[in-house]
Amino acid sequence: MKKLSKLNRLHVCFNHQFLQGSWNFERMQNGGWCFAILPALKQLFPDNVEYNEAIKRHLEFYNTHPYVSAPILGIVLSMEEARANGEKITDADLHDIKVGLMGPLAGVGDPVFWFTLRPILAAVCASLALSGNILGPILFFALWNIIRFAFLWVTQEMGYKKGISLISDLSDDLLKNVALGASMVGMFVIGILVQQWVRIHISGIQLELNTILPGFVGLIIFFICTKLLKKGMSPVLLIIVLFLICMLLEMAGILVI
């Protein structure tokens, strides 16, 4: 009976970090996905013909958030292992699993990682950096990569050990609740950062505004910038525009720097 070793699965997890390494407009992450699963295919299908066929079926279209791709990879590993041991699992079965999960899971990745975990970790480490502590950027780099790789490994193993039964655990309601909760926490953290770090001093009215509504001007500017970015304005162009506006207001004596 063929069974993937833990070392082999760890190799797959390591390769999976480069999921977007060969991103393309035709099949998007298919090259990175195939590269990730290659160590497992080599162990499961030593025959060259079967190995080449396995590679072909994993070069199809694939695209999802690079971190939440790990449980999908784990499920596919368990299915390929079962197929190598004689179970009737077709190419269509593998295709359906990937297509069915990559969409719903992609909607969870952004709010959990980009809008929650990363801003919180960045806020803590940036506070250290602002105080002159060199550990700020070092800790951010180290902790973020530890968290990222740990999540990839744990969720890949979860998918591998549970197989397709994991799909029932990943119900639509669960995914929606996780995404909603992460978005709420992320917005809460962003609100704190805006109030703490955005300092706008307007001559004559700043004292009154700070007394009644602390951080109100910075919050308004934040919402304006967010609205412009949602409308498609380039972040670089927005920075240039803000820089020029601040210069003009300072020269006019309205903005105090």
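Keep in mind that what you see is a predicted model, and the values were worked out from it rather than measured.
Scanning all heavy atoms of the two residues, the minimum distance from S234 to L229 falls at C-CD2, 4.5 Å. For the residue pair A129 and P137, the shortest heavy atom distance occurs at CB-CD, 4.2 Å. In terms of heavy-atom proximity, L77 sits nearest to I37 at CD2-CG1, 3.8 Å.
Within 6.0 Å of CZ on F141 lie no more than 12 heavy atoms contributed by other residues, nucleotides or ligands. For I134, the CD1 atom sits in a loose shell: 12 or fewer heavy atoms of surrounding residues, nucleotides or ligands are nearer than 6.0 Å.
Aromatic ring pairs are classed by plane angle as parallel below 30°, tilted from 30° to 60° and perpendicular above 60°; the pair F113 and H65 is parallel. Using a 30° and 60° split on the angle between ring planes, W144 and F140 fall in the parallel class, below 30°.
Residues that satisfy the ring-ring contact (aromatic ring centres under 6.0 Å, His included) test with F14, not counting sequence neighbours, are F18. Under the rule for a ring-ring contact (aromatic ring centres under 6.0 Å, His included), Y160 has no partner lying at least two apart in sequence or in another chain.
Side-chain contact check for Y62 and S69: at least one donor-acceptor pair (N or O, by modelled atom type) lies under 3.5 Å.
A side-chain hydrogen bond (donor to acceptor under 3.5 Å, both in side chains) with R9 is found for one member of Q43, Q156, E157 and no other, namely E157.
Judged by distance alone, with hydrogens and angles left aside, the side-chain atoms of Q29 form a donor-acceptor pair with the main-chain N or O of T64 at under 3.5 Å. Without hydrogens or angle criteria, N52 side chain to V49 main chain gives no donor-acceptor distance under 3.5 Å. Not one N or O on the side chain of N15 forms a donor-acceptor pair closer than 3.5 Å with the backbone of P39. Although no hydrogens or angles enter the test, the distance criterion places a donor-acceptor pair under 3.5 Å between the side chain of N24 and the main chain of R27. No side-chain donor-acceptor contact under 3.5 Å links N133 to the backbone of L128.
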Name the atoms and distances for all side-chain donor-acceptor pairs under 3.5 Å in residues 82-89, with sequence neighbours left out.
{"from": "R83", "atom 1": "NH1", "to": "I89", "atom 2": "O", "distance (Å)": "3.2"}
{"from": "R83", "atom 1": "NH1", "to": "D91", "atom 2": "OD1", "distance (Å)": "2.7"}
{"from": "R83", "atom 1": "NH2", "to": "D91", "atom 2": "OD1", "distance (Å)": "3.1"}
{"from": "N85", "atom 1": "OD1", "to": "K2", "atom 2": "N", "distance (Å)": "2.7"}
{"from": "N85", "atom 1": "ND2", "to": "K2", "atom 2": "O", "distance (Å)": "2.8"}
{"from": "N85", "atom 1": "ND2", "to": "E81", "atom 2": "O", "distance (Å)": "2.8"}

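Both tests hold for R57 against F45: distance to the six-membered ring centre under 6.0 Å, angle to the ring axis within 45°.
With rounding to the nearest 0.5 Å, the separation of OG1 in T155 from OH in Y67 is 12.0 Å.
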